[in-house]
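Comments concern the structure below.
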Amino acid sequence: PPAPPAARAPPPPLRPAAPAATATRGVDINASGQVAGTWFPAGDYNPRGFTYTPAQGVVDLGASPFRPVDITDAGQVVGHDDTVPQGEVVVVDPVSGVRRVTAPVPLAQLAGLRGDGALVATRLDERDRPAGGVLQDGTWADVPVPANATQSYALGFNEAGVLVGHYEYRFAPAKAWLTNATAWGGGDFVDIGAQFADSWSSQALAVNEGSLVVGNVSLSWDDRGQGFVYDLASRSFVDLALDAASTAGWTHLRFSDINDVGQIVGSGLFGGQSRAFLLAPAPPVPEPAAAWMALLGAGGVLAAARRRRAR
């Protein structure tokens, strides 16, 4: 492959690779099951992007630093370059290469591009406080938040107009700032985090077209957290039937994204090292039959079943 390009130059063409990574993190998955994520080369602290499918394996996106946050159904990877100013979005297309989009507002965090061209992100307001929202046709609109919220983040979205993320508020008794996972859409404000008992913080990171939300919750300030799935249609949590024998060696499974067939991508600890994984729903099984789960290889990709909590 060609030598790495200089900063801000387009990355080289996509190429199959099995990088010697010190850490990997799955961040997004599209409708066809293609995963996008971040990996760190051995001896290098600059993040690089990758895509993964069972058929192609790992494809290194080449440029460094590049931090993916989203992959579209067409395989475009959306993210940002840590070396450029706030407000610039990088889109890596597997066919046409790289293009850059400059937002008219300073961005604190990027969620991705919707099919209608709207940019879902978190901006910095006049006081440098994060505010989640949507930039469409040059106009920015903040998401609504409770009166006690000090800041908000829009971290995920679907094509039906639903946004997910979290808001932050001050919890006076503990003299602490806490976060609640949240969903916005169709005029509704769903405070998912308020439904956890005694949680310290929670964030919603993604929502699919079936209104299933994935995120993570921590029960204390030093808790690494664990993933959750929430069904906006029924306003209830989804139980993941994970087989303990098949997940031996894995801890702290945190979820990053869910696609329309229920596949979940995320990262956890395996043998004490951070590894990306893929949770894939098994064929439907009658309740209360045991769920099916299998490990897909030492590279850190998992498959697992999902079933609804009996109600």
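Applying the side-chain hydrogen bond (donor to acceptor under 3.5 Å, both in side chains) test to residues at least two apart or on different chains, the pairs with a partner in residues 254-263 are Asn259-Gln263. Note on residues 107-142: no pairs pass ring-ring contact (aromatic ring centres under 6.0 Å, His included), not counting sequence neighbours. Evaluation of the salt bridge (charged side-chain N to carboxylate O under 4.0 Å, His left out) test over residues 177-195, restricted to residues two or more places apart or in two chains, returns Asp188-Arg235. Counting only residues at least two apart or on different chains, the salt bridge (charged side-chain N to carboxylate O under 4.0 Å, His left out) pairs with a member in residues 103-114 are Arg114-Asp116.
For Phe196, the ring pair (Phe, Tyr, Trp, His ring centres under 6.0 Å) test picks out Phe228, Phe237, with sequence neighbours left out. In this structure, the salt bridge (charged side-chain N to carboxylate O under 4.0 Å, His left out) partners of Arg129, at least two apart in sequence or on a different chain, are Asp125. With sequence neighbours excluded, no residue satisfies salt bridge (charged side-chain N to carboxylate O under 4.0 Å, His left out) with Arg25. For Ala31, the side chain to side chain contact (heavy atoms under 4.5 Å, CB included) partners at least two apart in sequence or on another chain are Asp73. Remark: Asp128 engages no residue in a salt bridge (charged side-chain N to carboxylate O under 4.0 Å, His left out) (not counting sequence neighbours). In terms of the salt bridge (charged side-chain N to carboxylate O under 4.0 Å, His left out) criterion, Asp137 has no residue partners (sequence neighbours excluded). Ser32 pairs by the side-chain hydrogen bond (donor to acceptor under 3.5 Å, both in side chains) definition with Asn30, not counting sequence neighbours.
Under the 4.5 Å side-chain heavy-atom criterion for ILVMFWY residues, a single connected hydrophobic cluster contains both Ile192 and Val217. Under a hydrophobic clustering in which Ile, Leu, Val, Met, Phe, Trp and Tyr are joined whenever their side-chain heavy atoms come within less than 4.5 Å, directly or via other members, Val145 and Phe157 fall into the same cluster. Val162 and Leu155 fall into different hydrophobic clusters, where Ile, Leu, Val, Met, Phe, Trp and Tyr are joined by side-chain heavy atoms under 4.5 Å apart, directly or via other members. Clustering ILVMFWY residues whenever any of their side-chain heavy atoms sit less than 4.5 angstrom apart, transitively, puts Leu163 in a cluster other than the one holding Leu205. Residues Ile29 and Trp39 share a single hydrophobic cluster, defined by chaining ILVMFWY side chains whose heavy atoms lie under 4.5 Å apart.
The CG atom of Leu113 sits 7.0 Å away from the CG atom of Asp70 when rounded to the nearest 0.5 Å. The CG atom of Leu61 sits 14.0 Å away from the CZ atom of Arg67 when rounded to the nearest 0.5 Å. A distance of 5.0 Å separates CD1 of Ile258 from CG of Leu212, quoted to the nearest 0.5 Å. Rounding to the nearest 0.5 Å gives a distance of 9.5 Å between OG of Ser202 and CG of Asn216. Here the straight-line distance linking atom CH2 of Trp184 with atom OG of Ser152 works out to 5.5 Å at 0.5 Å rounding. Here the CG-CG distance, from Leu119 to Leu107, works out to 6.0 Å after rounding to the nearest 0.5 Å.
Evaluated for a side-chain contact (heavy atoms from CB on, under 4.5 Å) with Phe66, the options Val77, Val98, Asn46 yield exactly one hit, Val77.
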Stepwise side-chain contact (heavy atoms from CB on, under 4.5 Å) check, His166 with Asn180: CA-CA 5 Å; His166 66 268; Asn180 273 13; 5.8 Å; no
Derivation of the side-chain contact (heavy atoms from CB on, under 4.5 Å) call for Leu253 and Phe277: CA-CA 9 Å; Leu253 300 183; Phe277 63 78; 3.7 Å; yes
Test side-chain contact (heavy atoms from CB on, under 4.5 Å) applied to Val78 and Val89, step by step: CA-CA 7 Å; Val78 183; Val89 179; 3.6 Å; yes
Check against side-chain contact (heavy atoms from CB on, under 4.5 Å), Asn148 and Tyr169: CA-CA 6 Å; Asn148 66 333; Tyr169 65 99; 3.8 Å; yes
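Side-chain N or O atoms of Thr122 include none that pairs as donor or acceptor with a backbone N or O of Ala108 at under 3.5 Å. Remark: side-chain polar atoms of Thr251 are not paired, donor with acceptor, to backbone N or O of Gly249 under 3.5 angstrom. Counting only distance, with no hydrogens or angles, the side chain of Gln76 and the backbone of Pro94 share no donor-acceptor pair below 3.5 Å.
When hydrophobic residues (I, L, V, M, F, W, Y) are linked wherever their side-chain heavy atoms come within less than 4.5 Å, Val27 remains an isolated member.
In this structure, Phe255 and Gln226 have side chains that are not in contact, with every pair of non-hydrogen atoms separated by 4.5 Å or more. Inter-residue side-chain proximity for Ile264 and Val229 is flagged as met; some heavy-atom pair is nearer than 4.5 Å. Residues Tyr153 and Gln109 have side chains in contact (heavy-atom distance under 4.5 Å, counting atoms from C-beta outward). Counting heavy atoms from C-beta on, the side chains of Thr38 and Pro68 come closer than 4.5 Å.
Side chains of Thr179 and Gln203: a donor-acceptor N/O pair is present below 3.5 angstrom, by distance only.
Here the two rings, on Phe270 and Trp250, have centers that are under 6.0 Å apart.
Classification of Asp93 and Arg99 as a salt-bridged pair fails, no side-chain N sitting under 4.0 Å from a carboxylate O.
Note: Phe189 and Tyr167 have tilted aromatic rings, judged against thresholds of 30 and 60 degrees for the angle between ring planes.
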